[in-house]
2 protein chains.
Amino acid sequence: MTEGTPHGLRAVYHLAVGAEDVARHVEALRYEQSVEVPPGAVRDPFVQKEILPLVESVEPAAGGFRATLAYATATTANDPAQLLNVLFGNCSMLPEVTLVDVELPRSLRDALGGPRHGVSGIRERLGVFGRPLTCSALKPMGLSPEALGDLCRRFAVAGIDVIKDDHGLADHAFCPFEARVEACQRAVELAEQETGHRKLYAPNLIGAPRALAEQLRIARERGVQAVLVAPFLVGLPTLFDLVRAPDGPIVLAHPAFAGTSRIAPAVLHGRLLRAWGADAVIFPHAGGRFAAYDETVCRDLARRLREPAEPLRPALPVAAGGMRVERVEELVSFYGADVMLLVGGQLLEAGPALAERSRAFVERVARAADGLRSPPV
Amino acid sequence: MTEGTPHGLRAVYHLAVGAEDVARHVEALRYEQSVEVPPGAVRDPFVQKEILPLVESVEPAAGGFRATLAYATATTANDPAQLLNVLFGNCSMLPEVTLVDVELPRSLRDALGGPRHGVSGIRERLGVFGRPLTCSALKPMGLSPEALGDLCRRFAVAGIDVIKDDHGLADHAFCPFEARVEACQRAVELAEQETGHRKLYAPNLIGAPRALAEQLRIARERGVQAVLVAPFLVGLPTLFDLVRAPDGPIVLAHPAFAGTSRIAPAVLHGRLLRAWGADAVIFPHAGGRFAAYDETVCRDLARRLREPAEPLRPALPVAAGGMRVERVEELVSFYGADVMLLVGGQLLEAGPALAERSRAFVERVARAADGLRSPPV
């Protein structure tokens, strides 16, 4: 099965079934994910040949079987929502089925387009090359725009590269979007003038598509160049539109509402978010608050974000979810230079020592990067 | 905790943990779903009192504990995406946490608005009262617009009330959206003239928000009055915008990409889809192809769609997922009159006998309804 064939979209499923049932389940999956009728209702030769997926392999795997289906690329209509439908629409409701891998053919990668800025675009905007980037978060929810702006300034002056809203900051009555964006963007601009180093503030866009478009407009008017969005909350296809907005900003994807139980995390965050266009992808690194993401998952996820997949630009992995300054050397050794490290709660916990702990974070990243040769992941 | 309190949004989680760990997990959940910082970083009294959720109860339950949190309604910003974030954003990545129930306070129900047409709007459009509605699906994917239009006419003449696209029909090269909608809408209009009975054709809208808006425009121009959409593919907040479009159509929600493993199906399809505005909700009924939906789940789901919840209009449950004509009496007895029965594959399997089997479906529903007094569910 090569990329040029009509059946160029490959999906690998884990089926938690016994050997006596696997053939029946694979055949049911073939029909469920394409024509969704009993085999007896498929009479048209075009449907039989050009619509039904092919079974490429079925192999024993821990706890069941691994089945690879090759879908007719045309069934996706080159559409970001329909592609999800073909890969995991109805079978998301079959508890025995997990989506463990996806390979997008060149034609689909061309149609989706991937990141607009990617790793290189983020580095150019910041003027930072050859070392991991640093990131922190503005929180907790409940602070006023002024308090968040002040926090933003302190992070920026301490040398943090990217300062993002917590994904919980919406257009709240107690902290309206417009006032918050104004305060925080002004704070990074002042810090840039003060320190001579470029910074990015990324406000959180959240809402239905019309609200999101209005938030983007407000942010762009204020000079914002990067945004945070949670694609699983707003919808993956909405991320797709956001990335393609005229003069679209750098987009950081947040994993809220992603779950992890039925689509392999490396596929969801690594393969799909990059194809849909996220420039940087935030995910919980191993050893933080989210146990489902172990080192194997994180390595696989980062590889998929950064590996060659023309024409998709590489996207930046953002290790997060309870990271601590003490782990900087370990994280840099694990990911190499093309990563962003996100430390949020631990810096905020420092209280009056926030600036000091933030500077320590920034300096440890710079020092750890001196020892780097090539990305180890 | 009454509806008028600031902490009026109630969510019930199942925590698959032992008695020695439950207190720690509940406390972690409180912080994860609101401020997302360590307790030491919460110094502001407003944040402590008005942002952090309250723990209403923690009780033993099969396989762990049931914890009820009361969230500050203001944290949702009355926004359809942020509400998902508060209910299940980060904790979707904690495998031990399942969202098993949600109660929306009146203020959130007012803000979301719910179905535009609901059960009564669908009945009025069709002129059908006091009996279950019938529905079938146009498929398989791969047929031409003309073939689908012909199928649509045959279903409509046989007396099927609502004829929907398969959710796999997108804007395909081999069957473009516009040509399909034109052929199928014309087919139902001709059948209406022929039979004197009103019918609804519901094309499937699928894509990113901009593509969806364009498809809606085309459909409305052709006279279409109902649409199918898969909210979990396009994004729940996109459903919210669709329902609120000027002169918005009747919206049928399809469950593709919903999964079932970490949010209780009755909450996802019953509580949330109604609040976000679906007029009719398609889900797999017990005994079909999707074993995760047993009778208890389906009963609970239908109850949540139809029970009083001012100002939300009742939404119509649509039993689907491999239903058969032989089960009509059982289904009508289970759901009562306010239901739509969807039989797809079995009618298509009939081949030349499609019209006859479709008429049998329609007649059995009418006969079964004669015996109804009040909805048994």
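Note on naming: letters A, B, ... go to the chains in the order of the sequence lines (proteins, then strands), and numbering restarts at 1 for each one.
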> Quick one: CG on A/Leu143 to SG on A/Cys175, what's the gap to the nearest 0.5 Å?
Replying inline: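 Here the interatomic distance stands at 7.5 Å.
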
Checking heavy atoms, do the side chain of [X], its backbone, both or neither come under 4.5 Å from chain A?
| X | result |
| --- | --- |
| B/Ala173 | neither |
| B/Asp79 | side chain |
| B/Arg244 | both |

> Top residue by heavy-atom pair count (under 4.5 Å) with chain A, among B/Gly207, B/Pro80, B/Gly235?
Replying inline: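 Among the listed options, the one with the most contacts to chain A is B/Gly207.
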
> A/Phe88 vs A/Tyr13 aromatic rings, parallel, tilted or perpendicular, using cut-offs 30° and 60°?
Replying inline: parallel

>> On a heavy-atom basis, which atom in B/Leu228 and which in B/Asp165 lie closest, and how many Å separate them?
In response: CD2-O, 3.2 Å

> Do we see a donor-acceptor contact under 3.5 Å between the side chains of B/His269 and B/Tyr293?
Replying inline: yes

>> Check this for me, if you would: do A/Arg289 and B/Glu36 make a salt bridge, where the nitrogen-to-carboxylate-oxygen distance has to be below 4.0 angstrom?
In response: yes

> Is any NZ, NE, NH1 or NH2 atom of the basic residue among B/Arg24 and B/Asp21 found under 4.0 Å from an Asp or Glu carboxylate oxygen of the other?
Replying inline: yes

Below 4.5 Å, heavy-atom pairs only: which of [options] has the largest tally toward chain B?
| options | result |
| --- | --- |
| A/Phe240, A/Phe46, A/Phe232 | A/Phe46 |
| A/Leu212, A/Ile51, A/Val42, A/Val37 | A/Ile51 |
| A/Leu169, A/Thr238, A/Leu242 | A/Thr238 |

> Looking at the rings of B/Phe290 and B/Phe283, which for Trp means the six-membered one, are their centres under 6.0 Å apart?
Replying inline: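 So the answer is no for these two rings.
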
>> Suppose a student defines contact as a heavy atom less than 4.5 Å from any heavy atom of chain A. Which residues in residues 27-35 of chain B would they list?
In response: B/Glu32, B/Ser34, B/Val35

